[in-house]
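Right, one structure below, let's go through it.
Letters A, B, ... mirror the listed sequences (proteins, then strands); counts begin at 1.
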Amino acid sequence: MSGFNKVVDSFEAALEGVEDGMTLVSGGFGLCGIPQDLINEIARRGTKNLTVVSNNCGVDEWGLGVLLVNKQVAKAISSYVGENKEFERQYLEGELELTLTPQGTLAEKLRAGGAGIPAFYTATGYGTVVAEGKDVRAFNGKKYILEESITGDFALVHAKIADHYGNCIYNATAQNFNPCAAMAGKITVVEAEEIVAPGELDPSQIHTPGIYVQRVVQSKAEKRIEFRTITEV
Amino acid sequence: MSGFNKVVDSFEAALEGVEDGMTLVSGGFGLCGIPQDLINEIARRGTKNLTVVSNNCGVDEWGLGVLLVNKQVAKAISSYVGENKEFERQYLEGELELTLTPQGTLAEKLRAGGAGIPAFYTATGYGTVVAEGKDVRAFNGKKYILEESITGDFALVHAKIADHYGNCIYNATAQNFNPCAAMAGKITVVEAEEIVAPGELDPSQIHTPGIYVQRVVQSKAEKRIEFRTITEV
Amino acid sequence: MPLTREQMAERVARELQDGYYVNLGIGIPTLVANYIPDDIEVMLHSENGLLGMGPFPTEDQVDPDMVNAGKQTVTATTGASIFSSADAFAMIRGGHVDFTVLGAFEVDTQGNIASWMIPGKLVKGMGGAMDLVAGADNIIVIMTHADKHGNSKLLGECTLPLTGAGCISKVLTDLAYMEIADGAFILKETAPGVSIEDVQEKTAGKLIVPNDVVEMVFD
Amino acid sequence: MPLTREQMAERVARELQDGYYVNLGIGIPTLVANYIPDDIEVMLHSENGLLGMGPFPTEDQVDPDMVNAGKQTVTATTGASIFSSADAFAMIRGGHVDFTVLGAFEVDTQGNIASWMIPGKLVKGMGGAMDLVAGADNIIVIMTHADKHGNSKLLGECTLPLTGAGCISKVLTDLAYMEIADGAFILKETAPGVSIEDVQEKTAGKLIVPNDVVEMVFD
C-alpha cells in the first residue's frame, strides 16, 4: 500500500514512541468519545510522568482514570476533574499537578495549536484566577486575555469511522474534543470503530482530514455511560 | 411556523436592512460558491459606499464585479483582486480603497470574528508590509504578528442545501469561505440551491449550524466557471 | 413566600422568546426547559457540541455517544446540529447564543459572578462556566437570595474567586428579580408575599428600590 | 545548458517522498505534478479547501463547484477531503503540509522571499502566498536564476516587497540547486553543462561553493 495507509494492526504499534515525560492530548467529554483502547495501551506500557491534556480525567477505573490509578500522570490540563476519587486523593496529597483551563479556552487552545496560531485573545477568564500572569488587552472597549495554544507529542482520538488515509467521521456528541485533539498532536493516533477503504467516505463530510492523522487502529473497547438518564414511557 | 423558520420568499426580503456604508462579508473563491443572487439583489437596491470583505472581487460582470461596475463599493478587503479590469480602473483612479489581506489570515479573521476571538497571532505576513503597524511577538523563538478579527453587518453565503432552521451543507469546493463568512455576519443570509425541512439533514454532517444563520432564500442564478480546464480523453 | 425551585424556573422561562438559542446550566437552570411556553420554540445548546438538545432518551434510545454537557444521556431534536467543542464554544464566545441561565454562589453590584470554587473545598474545575459568562450577552443568574446560614449572596463585592468580571446584569433569586446597573442591584419584582423589606434585609450589596416594583404572579 | 521548465519540475519532484502532502503554487510549480515518481504516492493540497486534488476533469466531469486554488476546474482523488478556507489554512499554518513548491521574483541570503508585488505595477494581491511561506517548514522555491535582463534574482537582500521573512532555505533555478544557511547561498548541484563560474556570475548574494557540488543528471 501507499505511504498514506496509516492502519496499524495493534495498539502497541499505534503507540510506538510514547515515552516518559511526554504530553498526551486526548479527545472525549466525560466518558463519551474517549479513546479507551489507546488509554489502556498507555496503561499497559506503564509510561510515566505524563502530562495529559483532556477536558476531563475519566472516572476511577475508566477513561484517563486508568492512568491515574496507575500513577502514570504527573500533570493534568483539564476544565473539570470531578467524578474521580483517585484524582482527588493524588491532587490533595500533592502527587499530581493540575492546570484548570476553561472548557472553551481548552478546545480553542488545541484547535489553535493544530492551526499554527500560537496565541489568541479571549474574554473567558478575564478578571479571574485564570487571567493571572496573562496579558490583558482591550478591543472595542472590552477586556480580553491572551491564551497560548497547546500541542501534544501524541494525540489520542476515538472515531466512529476512519479510512486508511486517516480521514475520520465521529458519531453524535462523541465528536466533542476529538477533532480539536486530532489537530493538536505531533503524532495523532485514531482508534476507529470501523475502518474503511479510501473513497468510502464523502470528501465533504469528513470531520478530520487525514492530514492530521498518522496512525489508525481498530478499536474494541465497550462504551460506558457516565449518567444514564431516561425518559420513562 | 416557529421562530426558527428562517426561509424568506424573496431576495428583497432576504436583504432587508442593508444600508449605505455597511460592511458585507461574502463567501466564495473566485466565482466558485459565490452568493450571486444576493449580490444581484444588492446591485438592484443600489446600496452605496459598501465595504466588501471577500477573498476575491469577482470578474467584470459577475460576482462582486457587479457591484464594482455599479460603483457601490467604497472599500474591499481581499487577498487577490486580479481578473477584474473595472477593479483595476477604480483602484488606480483612487475611487476604491483596498486592504490586501493574506488569504489564510482573511479566513481566520472571519472565523475568529464569528467565534468571539478579537485577535490572534499568526506568522503570516511577519516581516512584510502586512505587518506594518501591527504588534510583533515571539513565541518559542518564532515571530508572529497580531491580527484582529472581522465581522460584517451582513454576511452573504451560498449553500448547496439549507433547512428551514438555516443548517447548511456546501457542495465540494464551493464550501471555501462560506462557513467563515456565515460565522462573521451580524445578519447572515444564505441562498441555497435546495431548501429542505428540518430533520432532512444528518445533524453530524451540517457544515454551518443554523445558529449562525438569520435568513434563507432559494437561489436561482447560474454557476459560472472562471478557468475551464479539461483533460482530453 | 420564597419561590420554589420550580417557580424560579417558571419565572426565568418568561424571559424566553420564540426562536431563542438557549444554554441552561446544571442544576435549577435545567428546570427552565420544563416551562417553555407552548406558543414558542427555543433550541437548547449544550456546550459539548449539540444544538437542539431533546429530552432524555427512552431505554431503547439510549446511546453512549449522545450526551449533554452534564454527561447525561439525551436525544437530539428535529433540526439539531452536532459539532466539535471548539465550534460549540465559538457559538458561545461569539455571542450567538441568545440566552444563558446559570447558577451562582455570589453575585455583586459590579456584575461579577462567583460560581465555581470555594477555597478550602476541593476544586473540581470551572468546566464551561467561565466561557459562558464571558461570552453570552444575555445571561440570567438563578440562585437563592441567601445561603443556608442566612448570609446574603448578593454582595457589594464577591468574596469567592470569580467566574467572570462585570458580565452579569440580571439575577433571579427565590425572593426577587433584580437587574444590575450603575453599581447597584435594582429591584424589579418581588416573589409573592415577599416584602421589599425582606429583600432589603437579605441583600448585602447596594439595592435600589424604584417606585415601580411589581409582585410576581404565578398560576 | 540551463534547465527547461520541465527539468526544473522533474528535479523538484525528486524531493518528494511517499506519503507527502504537497502544495504546488501556480506556474512552474504546477508542473511538478507531472513528475511524481511511479513508486510513491503524494496528495496535493489546494488551499481553497481540497486535500487530494486530481487531474483536470473530462468534459463530462466538469463541475463549477470543483476548482483548485488557481480557480481551474479539477477533480478529487480517491480518499480526498474537502473543507473550509479556514481549515485549509490551518493545515498550512500548522505545518501539516509536508512540502511546498513556490515561484518567486527574488530570494535572498537571509531566506527572505519576494514573490507578490512589483512596485509601479498593478497590485493584484498576495492570495495565499504569505500564508504558505510563513506556515510551511519545507519549502522549495523554483525560479529562473536571473530575470530576462540578466539581473540576478538571488540577492544579498531582496529589493522587492517581501512575501515572507527568513522562511526559505531551498532554491532551485534553471542553473543550480542551492540551500540557504548562515547568510549565504550554498551551492549543492549545477544544471548539466552549467559551470560553477556561470552560477557564481549570476548570483548577486554571497555564494558558498563546497567541494562536493554535483551535476544534476536527467534521463
Is there a donor-acceptor pair under 3.5 Å between the side chain of [X] and the backbone N or O of [Y]?
| X | Y | result |
| --- | --- | --- |
| C/Gln7 | C/Thr4 | yes |
| B/Asn167 | B/Gly210 | yes |
| B/Gln214 | B/Thr188 | yes |
| C/Asp18 | B/Gly3 | yes |
| B/Ser78 | B/Tyr80 | no |
| B/Glu200 | B/Ala197 | no |
| B/Arg215 | B/Ala14 | yes |
| C/Ser46 | C/Ala69 | yes |
| C/Lys153 | C/His145 | no |
| C/Ser152 | C/Ala204 | yes |

What option among C/Leu50, C/Leu51, C/Thr77 has the most heavy-atom pairs under 4.5 Å with chain B? C/Leu51
Given the options C/Asp98, C/Asp39, C/Val42, which has more heavy-atom pairs under 4.5 Å with chain B than any of the others?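 Among C/Asp98, C/Asp39, C/Val42, the one with the most close pairs to chain B is C/Val42.
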The reported gap from OG1 in B/Thr173 to CG in B/Asn178 (rounded to nearest 0.5 angstrom) is 10.5 Å
Which bit of B/Ile211 is near chain C, if near means a heavy-atom gap under 4.5 Å: side chain, backbone, both or neither? both
Heavy atoms of other groups near C/Glu157 CD, more than 12 under 6.0 Å: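 Result for CD/C/Glu157: open.
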Any residue of [range] which, by heavy atoms, sits under 4.5 Å from chain C:
| range | value |
| --- | --- |
| residues 114-124 of chain B | B/Gly114, B/Ala115, B/Gly116, B/Ile117 |
| residues 148-160 of chain B | none |
| residues 17-32 of chain B | none |

Can you check ring-ring contact (aromatic ring centres under 6.0 Å, His included) on B/Phe177 and B/Tyr170, steps first, answer last? CA-CA 11 Å; B/Phe177 275 80; B/Tyr170 306 101; over 10 Å; no
Electrostatic pair C/Glu189-C/Arg14, nearest N-O below 4.0 angstrom: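 No, no charged N to carboxylate O under 4.0 Å.
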Side-chain donor-acceptor contact under 3.5 Å, [X] with [Y]:
| X | Y | result |
| --- | --- | --- |
| C/Asn48 | C/Lys71 | no |
| C/Tyr177 | C/Glu179 | yes |
| C/Asn23 | C/His45 | yes |

Which members of residues 84-96 of chain C, sorted by number, sit under 4.5 angstrom from chain B on a heavy-atom basis? C/Ala86, C/Asp87, C/Ala90, C/Met91, C/Arg93, C/Gly94, C/His96
Establish, for the pair B/Arg44 and B/Phe11, whether the NZ or CZ atom is under 6.0 angstrom from the six-membered ring centre and no further than 45 degrees off its axis.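 Geometry flag: not set, cation outside 6.0 Å or 45°.
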